[in-house]
Amino acid sequence: MHLTLAFLALLATPLFSWLPVVPVKAVRGLGVLAASVAAGFVWTTAFPVLLGRVEMRSLGIWFVDPMSALVASLIVLVYLATAVVSVRYLGHERHERLVTDRQVRLYYVMMHLFAFAMLVTALANHLGVIWFGLEATTLATTCLVAFYAKDGALEAAWKYILLCSTGIALGLVGILMVGHAAAVGGLQHADFLYLDTLRMHASSLSPDIMRWAFVFVFVGIGTKVGFVPLHTWLPDAHSKTPSPISAMLSGILLNVAFVTILRFKGVTDLALGGTEWTEKFFLVFGILSVLLPGFILLIQRNYKRMLAYSSIEHMGLLAFSVGLGPLGLVPAVMHMVGHTLAKSALFFGAGEILLRWKTTKLDHLPAVFTHAPRTAVLFLLAILGILAMPGSTLFASEYLMVGYGINTHLVSTLIVLLGLSLVAVGMMRHTLALLFEGAPAATEVPPAVESVREPWTLTHAVMAGELALLGAAGVFFLLPSGLAFATRVAQSISSVAL
Amino acid sequence: MDPAFLSFAILASLAGTVFAALVALLGVRAHHFAHILLAFSGAVGAVASIAFVVQDFEVLEIASVRLFFGMTFALDVFSAIFFAIVGLVSCLCSVYAIAYVRQSHEGYHIASLNAATALFVLGMQGVLLSTNVLGFMAFWELMSITSFFLVMADRKPASIKAALFYFVMTHLGAAAILTGFFVLAQGTILADFRTLAFSAQVIPAPALALTFFLFLFGFGSKAGLVPFHAWLPEAHPQAPSHISALMSGVMLKVAVYGFLRMMLFLIPSLPATFGLVIIGLGLASAIFGALYAVIERDIKRVLAFSSIENIGIIFTMIGVGAYAFANRLPGLLVVALLAAVFHCVSHALFKSGLFLAAGAIVHATGTRSLERMGGLAKRMPLLSGAFLVLALSAAALPPFGPFYGEWMFLQSLVQSLAAPTDGAVTGVLVLVLFAVVLASALAIFAMVKLFGIATLGAPRSEAAEKAVEPPASMNAPILLLALLLAWMGVFAPALVSLVGGKDLVSAANRLPAIEIVGIRPDASLVVPAAVFLGLLACLGLVFLLRRLLSDAKRERSYHTWNCGQPIDASMEYTATAFSAPIRFFFRFLLRTKNTVVAIPVVATNPWICRRELFLNLRSVWMDYGYLPIARTCLRAASIVRRVQSGSVQLYVAFIFLALLVTLVIAL
Amino acid sequence: MIATLAVLEPLFAVVFLFASVLAMPTFRVKSLLRLYACSSIALALLIFSFAVRDASGHLYPLALGTLFVKGLVIPALLTNAIRRSGASERLQSSLRAAPSLFVTVAALLVTALLIQHLPFAASAASAHVLYLSIAVAFAGILMMVLRRDVFSQMVGFLFIENGIAAFSLATIVVIPVAIEVGIFSIVLLAVSMMALLSHKVQELYGTSDTASLRELTD
Amino acid sequence: MSPLLLTVIQAVLVLGLAPLTVGLVRWFKARLQGRQGAVPWLPYVALATMLRREMVISESTSWVFRLVPFVVCATGVFLVLILPLVSTGSALSAYSHFMLVAGVLALGSVFLVLGGLDSASAFGGMGSSREMTIASLVEPAVFAVFAAFAVASGHATIDGMVQTGGAALLVTPALLFSLIALVLIALAENARYPVDNPATHLELTMVHEAMVLEYSGPYLAMVEYASALRLTVFLLLLANFTVPTSFLFHPSAWQTGATAAVLVGTFLKLLLGSFLLALLETSIVKMRFYRMQEYLSLAFVIALAGLLLTLFL
C-alpha cells in the first residue's frame with residue numbers, strides 16, 4: 001500500500017510542477033516535499049524487510065526482498081539529497097540568469113520521473129516492467145543530460161540515448177529469450193516473465209537458452225552499468241548533466257542496473273545448477289573495468305570526467321567481487337552502499353566548484369582551497385572515502401573483497417590491486433592539483449565574489465551528512481552485526497546458500 | 001607496577017592522542033594545549049612501556065574491541081620497545097612543535113596540521129598494539145594517509161609532488177602487505193597473528209616465498225630500502241621539521257617493526273637465500289644512502305639519505321640474523337637481531353634530534369641549502385653543541401651510544417669469521433663486514449660535512465649572519481636527545497638488556513661479548529662507562545697539563561690568515577667542494593654530471609672568462625628505475641584514451657563486438 | 001481468407017527482410033523512410049497473419065498498433081523533423097552504395113550460419129521468422145555503424161526495434177497486453193526523443209554529419 | 001710488577017719520547033739527504049717555546065676551534081694508555097679492542113677536521129676535506145687488518161693479538177700481508193710521505209698542515225704533540241706486531257723481570273722505526289691526492305688478502 005502511495009506521489013508532482021500556475025519557487029519546495037514523502041513511504045516498506053523482521057513481501061508485480069529494499073532505500077536517499085541540493089544549485093543558476101524558468105520546471109519534472117522509473121526497476125518483479133523502467137530512466141535522463149543545450153551537452157545526450165537504447169534493446173532480446181525458455185519449459189502463459197516464479201521453476205528452463213539469454217542480458221544491461229567495452233557514453237553523459245543529477249546517475253542508477261543483472265544471474269545459476277559459468281563474465285568485465293579507467297585517470301584533467309571514470313572503476317570492482325564466488329556478494333553489497341554515498345557527495349562537491357568557477361577543466365581553475373575552503377575540505381574527505389581509506393565503508397568492502405580474491409583468484413586480484421593503485425594515484429594527483437595548485441592561467445573570479453568568506457550552503461550540509469553516513473556505515477560493516485546484515489542482503493539475491 | 005595499571009597507562013596514552021587530535025581541530029587557539037596533551041600522552045606511553053619491559057612481563061592485554069570483528073590490542077616485549085620510541089620521540093617533537101609551528105612562516109594551516117600530527121602518532125601506536133590483520137592494516141593506512149597530508153602541509157607544488165610520490169609508494173606497499181597477510185592466512189579472512197603463525201607453518205614453499213617478497217616490498221618501501229627508497233629523500237625534507245623527525249625517527253622504525261614481526265613471529269624458518277636477499281638490499285641501501293648523504297647539499301636531504309643508510313644497516317643486521325639462523329650460527333643470530341633493535345632505538349634518537357636541529361637551523365637561516373649556512377656555532381652555541389653530539393652519534397663514534405650498536409654487530413661478525421663453517425658463509429660475512437664498515441665510514445664523512453659546513457666557518461649569507469639562538473622550547477628537546485645519547489654511551493649494557501639481551505649481558509655490567517665460536521671473548525670485554533670516563537679523564541689530564549705548562553693567557557683576535565688578499569665567506573669551502581673527493585672517487589656509482597660554462601669577460605680575450613659550474617646530482621635510481629616506469633604508464637594512458645575517440649559509430653561497434661566476442665567465447 | 005494469408009505470409013516476410021536490406025545503399029532521406037515504412041507494414045501484416053493462424057486474440061491490436069505507429073506515425077514524425085530542420089537530402093556514409101550492399105548481404109549469410117548454433121532454433125514457432133528477425137536486427141546494426149549522419153543512425157535503431165519485435169513474435173508469441181503497450185509506448189517515446197535531439201543537433205551544428213559530434217574525448 | 005704500574009711506566013715513557021721520535025725522523029731524513037739537520041731533541045724546545053707564545057685566534061672561529069686541540073690530544077693520550085706499546089697485560093689492556101681503537105682514531109681525525117673547517121679559510125677547508133676522505137676510506141683497511149689478526153690470534157683486543165701476534169707471524173705467514181697493510185695505513189693515518197708531505201706549506205700538497213694552519217701558541221703545541229704521539233704509537237705498535245716473542249725486546253718479556261731489557265728495547269724500536277720511516281720518506285715521492293683511491297684500495301686489497309689467507313689456509 002505504501003509503495004503505491006509513493007509511486008502516486010512521484011507521478012503527481014511532475015504534473016503539478018509542469019503547470020504554469022505553480023510559481024517556480026514553489027516547484028523547488030514541491031520537489032523536496034515530494035522526495036521526502038516518497039522517501040517516507042519507501043523506507044516504511046523497506047526497513048522492516050531490510051532488518052529481517054519481515055520476510056519477503058511480494059505485492060503483485062512489485063517484489064520487496066532485502067536486496068531490492070536496500071536498493072530502493074538508497075534510491076530514495078540519493079533522490080532526497082539531490083532534491084535538497086537542487087534547491088541550492090538551481091536557485092544559484094536561476095539567480096545568475098543561466099537557466100530560464102521553463103528549464104527549471106523541465107528539470108524538476110524529469111527528476112521526479114527519473115526517480116519513479118528507478119523505483120519501478122528496483123522493485124519490479126516482472127521482467128517486462130524492469131525493461132520498461134530501465135528504458136524510462138534513459139529517456140528521463142536524456143532530457144537532463146541535454147539540459148544546458150550547449151557545448152557538448154547535446155552531443156552527450158544524443159550519444160547517451162542512442163547507445164543506451166541500443167544496449168537495452170539487446171537486453172529486451174535477452175528477456176524475450178528467457179520468456180521463450182519459460183514457454184518451452186512448460187510454465188503457464190500468465191507468469192512467463194515473473195522473477196519469483198522463474199526462480200521457483202528454474203530447473204525446468206533449458207540451460208542452453210538460458211546461457212544465450214544471460215549473455216544478451218549481461219551485454220545489454222551491462223551498457224547501462226558501464227562495463228568497459230560498453231562504457232563510452234558514461235564519461236560524456238555524467239560530466240555534462242547538472243551535478244545534482246549526475247550524483248543520482250553515478251550514485252544509484254548504475255547500481256540499479258547492476259542489481260538487475262544480479263537478478264538474472266540468480267535465475268541463470270539456478271537453471272544451470274552452478275555459479276561458475278556466470279561468474280566468469282563478471283570477473284573478466286570487472287578486471288577490464290578497473291584497468292581502463294585506471295590508466296585514463298592518470299591523464300584526466302577534467303574533474304567531472306574523473307568522477308565518471310571512478311564510477312566505471314567502482315562498477316568494475318563490484319563485478320569483480322561478484323565474480324569471485326557466491327561469498328563475493330557480501331563485499332559487493334557493502335561496496336554498493338559505500339560507493340553510492342561517497343560518489344553522490346563527490347558530485348555535489350563538483351557541483352559547488354562548477355557553480356563558482358563555471359569550468360570543469362583543472363587548467364583553468366585557481367586553487368580551490370584558498371577560495372572555497374569548506375567545499376575543498378568536504379571534497380577531499382569524500383575523495384579519501386572513495387579511495388577506501390580506513391573509516392570509510394569502501395575500506396571494509398575492499399578488505400573483504402581482497403580477502404576472498406586472494407584465496408580464489410590470486411593473479412586477477414593482484415591485477416585489480418594494481419589497477420586500484422593506478423586509480424588512487426590518478427585521482428589523488430588531480431584532486432591535489434584541483435584543490436591546492438592553482439593553474440597559472442586560472443580565470444580569476446571577479447573580486448566581488450572573491451572576498452566574501454565562503455558561506456555554508458545546503459550542499460555542504462548534504463555532503464557532510466553523506467560523509468557522516470559513510471563513516472557510520474564504515475564502522476557498522478566492521479562490526480559482526482554489520483557483516484550479518486550484508487550477508488542477509490546478499491543471501492536474498494544469491495542462488496547458493498552463503 | 002601491576003599489569004592492570006600499565007595497561008590503563010597505555011590506554012590513557014592512546015586516549016590522550018585521540019583527544020589531542022580532537023582538541024587540535026578547535027583551531028589555532030588550542031595549539032599549545034593540543035601539543036602539551038600530545039607530549040603528555042607520548043610521555044605516559046613511553047614510561048609505561050619501559051616499565052613493562054623492565055618488569056619483563058610476557059604479554060600485556062590492553063583492550064579487546066568488538067570493532068574489527070573482536071580484535072584485541074596487546075603489548076609484548078618486542079612491541080613495547082618500539083612503543084617507547086614512538087612515545088618518547090612524539091613527546092619531544094610536540095614540545096618542539098609548540099614554538100616551531102607558530103613561528104614558521106611556511107603558512108601552515110595550524111589546526112589541521114596539529115590534528116594530523118596527533119592522528120599520525122595514533123596510527124603508529126595503533127600499528128604497534130594491534131595483533132590482528134584488519135586492525136594492523138587500518139592503523140597502517142591511517143599512519144600513511146596522515147603522514148601524506150603532513151608532507152604536503154605547506155601546500156607548495158614541490159611538496160605536493162613529493163607527497164604524491166610518497167602516496168604511490170605507500171599505496172602499493174599497503175596493497176602488498178595486505179596480499180601477503182591473506183596469502184599467509186590461506187582462507188581465514190579475519191585472522192589474528194597467532195592463527196596466522198599456525199597457518200604459516202603449513203603453507204607450501206612457493207606461497208611462503210611470495211609472502212616473503214610481498215612483505216619485503218611492503219615494509220621495505222615504507223622503510224626506504226634501496227630499490228623502493230626514491231620517495232624518502234623527496235618526502236621527508238618537505239614535511240615540517242618536527243614531522244620529518246617523527247617520520248624518519250619513528251615511522252621507519254614502525255616499518256622495521258612490521259618486518260621483524262613478520263620474520264620472527266609469523267613466517268617459519270626461511271632458507272638461506274632469503275637472508276641473502278635482505279642482506280643484498282640492506283647493503284645496497286647502506287652504501288647508496290651514505291654516498292648520496294655525502295654529496296647532497298640540502299641539509300634535510302642529507303638527513304633523509306642518512307636515514308636510508310641506517311635503515312640499510314638495520315636490514316643488513318636482520319638479513320645476517322636470518323642467514324645465520326639458516327646456517328646454524330645461533331650466537332650470531334641472537335646478537336644480529338639484538339644489534340638491529342639496538343640500532344633502531346639509537347637511530348630513532350639521533351635522527352629525530354638531527355631533524356629537529358636541522359629544523360631550527362632552517363628556521364633561523366630561512367634556507368635549506370648548506371651552501372648558504374655557516375658560522376652558526378658562534379651564534380648558536382647551545383644548539384650547535386647538541387648538534388655536534390648528535391652528529392657524532394650519527395657517525396657512530398666511540399663515546400656515544402650508537403657506536404656500541406655497531407660494535408656488537410661487527411664484533412659478532414668478526415668472531416663468527418673464525419667459526420668452522422663452509423667458505424661461502426665466511427665469504428658472505430666478510431663482504432657484509434666491509435660493506436657495513438665502508439657505509440659507516442662514509443656516514444662519518446657525511447655527518448662531519450653536515451656539522452662542519454652548516455655551523456663552522458664564516459656565515460655564507462646575511463640570514464646566517466643574523467641567525468640567533470632558537471627559543472628554549474625548541475632547544476630543550478634537542479639537548480635532551482643529545483643527553484640521552486650520551487647516557488646511552490655510558491649505560492649501553494643496560495639498554496641492551498632492556499632491548500632483550502638480558503642473558504647476554506655478563507654479570508659485571510659489561511657489553512655482551514658472548515663466546516660465539518673461535519675467538520675467546522674474555523679479553524674483549526668492554527665496559528662503555530669506563531670508556532666514557534677514560535676519555536673524559538684524558539681530556540681533564542690534557543687540560544691540567546696545558547694549565548701547568550703554559551702560563552700564557554694572552555690572546556689576540558685577528559682575521560684569518562689570508563696571505564695579503566682580503567678573503568670573504570665566498571672563498572670558504574662549501575658542501576660541494578668538501579664532498580668533491582668522494583664524488584670523484586665514486587663517480588662510476590653516482591653518475592653526477594657537472595658542466596662548466598665559461599663566459600669570456602671581454603669578447604676579444606677568450607682566456608679570461610667567468611666560469612660557472614653546474615652540478616646535477618641526478619639519482620641513479622630515479623633515472624633508470626622510477627622515471628621509465630612513470631613514462632610507460634603515461635604512454636599506456638595516452639594509448640588507452642584513444643578508446644574515447646568521440647565517434648558514435650565506433651561506440652556502437654564496441655557494443656556489438658563485445659556481444660559477439662562474449663557469445664563466441666562463452667558458448 | 002486463412003489460406004490466402006498462409007500463402008501471403010512468406011511474401012510479407014520477404015518484403016520485411018528486403019526493405020531493410022535495400023535501406024542500406026539508399027542515401028536519400030525520403031526513400032530511406034519510405035523503405036522503413038513498408039518494412040513496418042510488412043511486419044504488421046506478418047503479425048496479422050500469425051494472429052489469424054494461431055487465433056490468439058490479443059495479436060490483432062498489436063498488428064494494428066504496429067501498422068499505425070511504426071508504419072505511419074514514426075515516418076511522418078521523422079520526415080517533418082528533417083524538413084523543419086532543413087537537413088540536406090543527401091546523407092553521408094563511410095561506404096558507398098555498392099560496398100554497403102555487399103556488406104549487408106554478407107551479414108545475411110553470417111546470420112544464416114549463426115542460426116544453426118542457436119539452441120532454440122528448432123523449437124521456435126516458425127524458424128524463418130526467427131532468421132528474419134535476426135537478419136533485420138543485424139542490418140540495423142550495420143546501418144548504425146556504417147552511416148555517418150544522425151538520421152540514419154536513428155533509422156538503424158528503428159530497424160533493430162523491428163527485428164526485435166519480429167523476434168518476440170518468433171519466440172514467445174504472447175506477452176501480457178499491458179506490458180506490450182508499455183514497451184510499445186516507450187519505444188515510440190525513445191524515437192521521438194531521438195528525433196527531437198537530431199533536430200536540435202542539426203540546428204546547433206548546422207550539419208547532420210556526426211563528424212561534428214566528436215569533441216567529447218579524453 | 002702490577003699492571004697499574006706497567007700502565008704508568010708506559011704512559012710516562014711514551015709521552016716523554018713522543019717529540020723525540022719526530023725529532024729522530026727529521027734528523028735521520030736530513031742525514032740521509034746529506035744535510036746536517038737539527039738536533040733530534042729540537043721538538044722539545046719548539047714545544048716549550050710554543051707553550052709560552054701568545055695565541056692569535058681568528059674572529060670567525062667558534063668554541064669548536066678551542067675544543068679541538070684538547071680532544072685531539074686526549075684521544076692520543078687515551079690510545080697510549082690502552083695500547084700494548086711498552087708492555088702487554090697492563091691495567092687498561094682489556095679496552096684495547098680493535099674497534100674501539102679505530103673509533104678513537106677516527107674521533108681524533110674528525111675533531112682535527114672540524115678545527116680546520118672552523119678557520120673559514122680555503123686552506124683549512126681543502127685540508128679538512130682531504131683528511132676526512134683519507135680517514136674515512138682507510139677504515140675498511142683498518143678493519144681488515146685487525147680482523148685478520150683477531151682471527152689468527154683468537155683475541156679481539158690488540159693486547160691479546162700482540163701477545164700471540166709475534167709467534168703467530170711465523171705460524172701463519174699470511175699475516176705478513178696484514179702487516180704490510182698496517183704499514184700503509186700507518187703512513188696514511190700519520191699524514192706521512194706517500195699520502196701527505198708533513199714538511200710543506202704549499203696548499204696543493206699539505207693535508208695535515210693545512211688544518212692546523214690557524215693554530216698558534218699552546219693550541220699549536222698541543223696539536224703538534226698529538227700528531228707526534230700518534231706517530232710514536234703507530235711505530236711501537238708496528239714493531240710489537242713484527243718482533244717475535246722469543247726476542248728479548250718483546251713486551252711480554254716484561255713479566256720475566258727483564259725490565260731494563262724492555263726499556264732499552266722500546267728505545268731501540270723507536271730508533272729503528274724512525275730510521276726506516278726516514279729511509280722510506282727519502283726514497284719515494286708524494287702521490288697526487290686524486291690517486292689516493294688507488295693507494296687506499298691497494299692497502300685494503302692487501303689487508304683483505306691477509307684476512308682471506310688466514311681464514312682459508
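All chains are named by letter (A, B, ...) in the order of the sequence lines, taking the proteins before the strands, and each is independently numbered beginning at 1.
- Comparing A:Leu298, A:Leu410, A:Ile299 by how many heavy-atom pairs each has under 4.5 Å with chain B, the most go to A:Ile299.
- In terms of heavy-atom pairs under 4.5 Å with chain B, the best-connected choice from A:Phe227, A:Phe214, A:Trp277 is A:Trp277.
- Using a 4.5 Å cut-off between heavy atoms, A:Leu163 touches chain B through backbone and side chain atoms alike.
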- Task: Evaluate the criterion side-chain contact (heavy atoms from CB on, under 4.5 Å) for residue pair B:Phe654 and A:Thr232; output intermediate values, then yes/no.
- Result: CA-CA 9 Å; B:Phe654 275 155; A:Thr232 43; 3.8 Å; yes

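- At a 4.5 Å heavy-atom cutoff, the contact between A:Leu292 and chain B is made by backbone and side-chain atoms alike.
- Using a 4.5 Å heavy-atom cutoff, the side chains of B:Phe656 and A:Thr166 are in contact.
- Heavy atoms of A:Phe216 lying under 4.5 Å from chain B belong to its backbone as well as its side chain.
- Of all heavy-atom pairs between A:Phe395 and B:Glu141, the closest is CE1-CG, 4.1 Å.
- For B:Phe181 and A:Tyr399, the ring centers sit 6.0 Å or farther from each other.
- Heavy-atom minimum distance, B:Ala138 versus A:Pro390: O-CG, 3.4 Å.
- For A:Leu291, no part lies near chain B; criterion is any non-hydrogen pair under 4.5 Å.
- Looking at B:Leu657, there are no atoms closer than 4.5 Å to chain A (heavy atoms on both sides), in backbone or side chain.
- Within a 6.0 Å sphere centred on NZ of B:Lys161, heavy atoms belonging to other residues, nucleotides or ligands number 12 at most.
- The two atoms that bring A:Phe295 and B:Ala637 nearest to each other are O-CB, 3.3 Å, heavy atoms only.
- Screening residues 406-438 of chain A for ring pair (Phe, Tyr, Trp, His ring centres under 6.0 Å) gives A:Phe369-A:Phe436 as the qualifying pairs, with residues at least two apart or on separate chains.
- Here the shortest heavy-atom pairing between B:Ile145 and A:Met428 reads CD1-CE, 4.4 Å.
- With respect to chain A, the highest number of heavy-atom pairs below 4.5 Å among B:Val183, B:Val652, B:Leu663, B:Leu142 belongs to B:Leu663.
- Heavy-atom distances place no part of A:Leu435 under 4.5 Å from chain B, backbone and side chain included.
- Looking only at distances, a side-chain donor or acceptor of A:Lys159 sits under 3.5 Å from a matching main-chain atom of B:Gly646.
- Proximity to chain A (any heavy atom under 4.5 Å) is shown, for B:Phe165, by neither the backbone nor the side chain.
- In this structure, A:Leu418 and B:Leu172 have side chains that are in contact, with non-hydrogen atoms separated by less than 4.5 Å.
- Using a 4.5 Å cut-off on side-chain heavy atoms (C-beta onward), A:Leu432 and B:Phe148 make contact.
- Residues A:Thr413 and B:Thr179 are not in side-chain contact: their nearest non-hydrogen atoms beyond the backbone lie 4.5 Å or more apart.
- Contact between A:Arg429 and B:Leu164 at its shortest, heavy atoms only, is CA-CD1, 3.3 Å.
- Across B:Phe167 and A:Val425, no two heavy atoms sit closer than the pair CE2-N, 4.2 Å.
- In this structure, no portion of A:Leu297 lies under 4.5 Å from any heavy atom of chain B.
- For a residue to count as touching a neighbouring chain, one of its non-hydrogen atoms must lie under 4.5 Å from one of that chain's; by this rule B:Val133 touches chain A with backbone and side chain alike.
- The contact between A:Phe285 and chain B is made entirely by side chain atoms (from C-beta outward), counting heavy-atom distances below 4.5 Å.
- Note: B:Leu659 leads B:Ile665, B:Leu659, B:Val168, B:Thr662 in heavy-atom pairs under 4.5 Å with chain A.
- Top candidate by heavy-atom pairs under 4.5 Å with chain A, chosen from B:Met137, B:Met152, B:Lys156, is B:Met152.
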- Query: Does the pair B:Ile655 and A:Leu170 meet the rule for a side-chain contact (heavy atoms from CB on, under 4.5 Å), with working shown?
  - Reply: CA-CA 10 Å; B:Ile655 296 182; A:Leu170 288 178; 3.9 Å; yes

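- Both the backbone and the side chain of A:Ser421 come within contact range of chain B, judged by heavy atoms closer than 4.5 Å.
- We find the NE2-CG distance between B:His171 and A:Leu417 to be 8.5 Å, quoted to the nearest 0.5 Å.
- Side-chain contact between B:Gln644 and A:Asp236 is present, with heavy atoms from C-beta onward closer than 4.5 Å.
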